[in-house]
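Structure, as structure tokens:
Lettering follows sequence order; numbering is per chain, from 1.
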Amino acid sequence: MSRKTRILIARLGLDAHWRGSIVVARALRDAGMEVIYLGNQNPETIAKSALEEDVDVVGLSTLSGNHMILAPEVVRLLREKGAGDMTVVLGGTIPPDDIPKLKAEGIAEIFGPGTALAKIIQFVSAKAL
Amino acid sequence: MPRELFQKTAIRGVRKNAERWQATCYAAQKEQSRNYSTLSGLPVKPLYTPVDVEHLDYMRDLGFPGEEPFIRGAHPTMYRGRTWTQRQLAGFGPPEETNKRYKFLLGQGATGINGVFDYPTLRGYDSTDPDARADAGKGGVSIDTIEDMRALFDGIPIDKVSTSLVTCQPICNITVQSMYFANAKARGIPLEALTGTSQNDFLMETAITVAPGVLPPEASFKLSCDGIEYCAKYAPRWNPISFAGYNYRESGCTAVQEVVFTMANAIACAEEMIRRGYDIDSFAPRLSFFFSSHSDFFEEIAKYRAARRLWAKVMKSRFGAKNPRSLILRFHVQTAGVSLTAQQPLNNVARVSYQVLSAVLGGAQSIHADAYDEALCVPTELSSLTALRTQQILQHETRVTHTVDPLGGSYFLESLTFDLEEKMESLLGEIDRVGGIVKATDKGWIHREIADAAYAFQRTVESGEQLIVGVNCFQIEDEVLPIALFDVPETLAIQEAKIVRIKKERDAAGVDKALSDIARACEQGKNLMDVIVDAVPARMTEGEITGVLKRHYGTWNPPLF
């Protein structure tokens, strides 16, 4: 049997909202994945933990508006550490204009407010195959 | 002997007919759904009649506005005497920018200020801290020193306008409220003249907006009580705490949890103040509450009414309060941000209108109506103006304010109010058994309760049991956003330049002395606001003060789920 899909979930910077990240973490866990939940962290710690935990996907969450600075920083650090192939996704309050910019910076997918949990589960499972 | 409203024989007749109607008339028809309940899961019947309120003793259970048990209203005249305060939340970027927004809203008829702070300020960091830089100016205004506080309120008559400082976490409040007070003193305004509210809620720091490395619950709770004590001594018209049920609800609480967690928090604060030697009636009239107005129209109205009755009961039975003002639960309302959708954002104007209406029908003292773009960005000038106008239309055009508690006596509403209150009392008892709110937080009990409720709600959305227009029904494919979004103005560079300049200009020895005064007060277990109000004019930064506090109290990592 293949190993369980592993995903790390972290909230970026000082963002205060945990509801979305916790709900998504629980849904992924209930879908049979191994979820490592870090809470708030800076990009350096997130990248380091992602490598140590050998995850398939890194899920970032922020509603504060810090996404344009911190999310690409996580991708950059992963590449620097030789894990450029790790999938990074982002959830939260992301203005539509920022989505193409974030994708250009290497964020695989952005899940805005109101995204169905099923859609997130499907995306993460597909990436981990 | 209770004196019930209805004659026994009349009730018997209604009951018999209600049963007949249900079994024949109603049962012959089809229902659209198998599950009718409130948003918090209380069952809702097809019809309510006098049978559902047959136990009501009018004078004991409902009474009159401004009198016990206050269910019909906190004040005798309610909105005929004074309109609720229209207090639109505002804050972004450097203080100079937010000052303009405050003036704009006041110029457009807002009747109070509601100042929200950025993430670094709320967590006690300077804008320039390596962990904070990406969040400077985000979600609120950036405050680093007393100079920023001066700029934020420049030209605003703070002796006349009441200000709500949304200083969620005590670690922020102890410094930021001190800066507000010190700035008032510098402007020649005595503290006795200040009216307003600080949020200052330890649950915000330790359970609701958690992050690694916050103050431990007991320390955060201590700072919160220092603010209450300081105001009891020097600022009698200031509400030193606003139990932030709104935010608890946003995190996932049900209506029952929202009210009960605020009340358990208030009970703990009251116990601590009594331990410090204060009489309950000397501070209780200034304890204030902050609730959400969510989308279940009747449940929200019933929630506010039940909370008022429960608070009066708690203050009397647990604390023996004698001052009638100690028994009155006064609250600010914010419409539920979590109910807003990023999809078809103009629909939010409709949602917010209903939510403001339920707050007014529930007897709120002060209201913030959410702007339609809040699921996407910080509100623009247009969206915040529309939110303010939503309140003004309700106030001036609908005439719902013309009589007090217009829904009082509704069979459904009174029945729901009782049901909610019963659930609240039972949950309050559960927290008592866990050992009170501070212990319940320390053990992670609160965190688990909220996370469970949040997940349970999301599953109802996922299954389609809970419909949300534009999200899981009536979606528009490839929607083009019909509104312009707000860009937060440049903040970090401006704040950084100020901090660099101030650190050069200020008297370093004076700063060191003030910081060691704070450290000594920590050691001696003294009231820290006493020291910090006097210290902040030396222009130390918020982060420098936080540093002293964290060195003394240590930090705590809340449980993660």
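When every heavy atom of A:Pro95 is checked against every heavy atom of B:Leu485, the shortest pair comes out as CB-CD1, 3.6 Å. Residues B:Tyr119 and A:Ser64 approach most closely at CE1-CB, 3.2 Å, considering heavy atoms. Here the closest heavy-atom approach between residue A:Gly114 and residue B:Val471 is recorded as O-CG1, 3.5 Å.
Taking CD of B:Glu462 as the reference point, atom NZ of A:Lys119 lies at 11.5 Å (rounded to 0.5 Å). With rounding to the nearest 0.5 Å, the separation of CD1 in A:Ile69 from CZ in B:Arg133 is 9.5 Å. The distance from atom CD of B:Gln343 to atom OG1 of A:Thr115, rounded to the nearest 0.5 Å, is 7.5 Å. Rounding to the nearest 0.5 Å gives a distance of 13.0 Å between CD1 of A:Ile22 and CD of B:Gln458. Taken from SG in B:Cys377 to CD1 in A:Ile94, the straight-line distance is 12.0 Å, to the nearest 0.5 Å.
Of the atoms belonging to B:Ala207, it is backbone heavy atoms, and not side-chain ones, that fall under 4.5 Å from chain A. For a residue to count as touching a neighbouring chain, one of its non-hydrogen atoms must lie under 4.5 Å from one of that chain's; by this rule B:Val488 does not touch chain A. For A:Asp97, no part sits under 4.5 Å from any heavy atom of chain B, backbone or side chain. For B:Thr341, no part sits under 4.5 Å from any heavy atom of chain A, backbone or side chain. For a residue to count as touching a neighbouring chain, one of its non-hydrogen atoms must lie under 4.5 Å from one of that chain's; by this rule B:Pro130 does not touch chain A. Residue A:Gln41 touches chain B through its side chain alone, counting heavy-atom pairs closer than 4.5 Å. Contacts of A:Leu63 with chain B are made by backbone atoms alone, with heavy-atom separations under 4.5 Å and no side-chain atom involved. If you measure heavy-atom distances from A:Leu117 to chain B, the contacts under 4.5 Å come from both the backbone and the side chain.
Listed options A:Leu12, A:Val24, A:Val23, A:Leu38 were ranked by heavy-atom pairs under 4.5 angstrom with chain B; first place goes to A:Val23. Contact count against chain B (heavy-atom pairs under 4.5 Å) is highest for A:Ala27 among A:Pro96, A:Gly13, A:Ala27. Chain A forms the most heavy-atom pairs under 4.5 Å with one residue out of B:Leu376, B:Asp135, B:Thr209, and that residue is B:Asp135. Comparing A:Arg11, A:His67, A:Arg19 by heavy-atom pairs within less than 4.5 Å of chain B, the highest count is held by A:Arg19. In terms of heavy-atom pairs under 4.5 Å with chain A, the best-connected choice from B:Gly139, B:Ala454, B:Pro120, B:Ala342 is B:Ala454. The candidate from B:Asn247, B:Asp118, B:Asp452 with the greatest count of non-hydrogen atom pairs under 4.5 Å with chain A is B:Asp452.
Using a 4.5 Å heavy-atom threshold, the side chains of B:Leu340 and A:Pro113 count as separate. The side-chain heavy atoms of B:Arg123 and A:Asn40, taken from C-beta on, include a pair separated by under 4.5 Å.
A side-chain donor-acceptor contact under 3.5 Å links B:Tyr455 and A:Asp30.
Proximity of a side-chain donor or acceptor of A:Trp18 to a complementary backbone N or O of B:Ile208 within less than 3.5 Å is detected. In terms of modelled atom types and a separation under 3.5 Å, the side chain of A:Asn42 and the main chain of B:Asp131 share no donor-acceptor contact.
Within a 6.0 Å sphere centred on CD of A:Gln122, heavy atoms belonging to other residues, nucleotides or ligands number 12 at most. Few gaps surround NZ on B:Lys550; more than 12 heavy atoms of other groups in view lie less than 6.0 Å from it. Residue-environment remark: CZ (A:Arg76) exceeds the threshold of 12 foreign heavy atoms within 6.0 Å.
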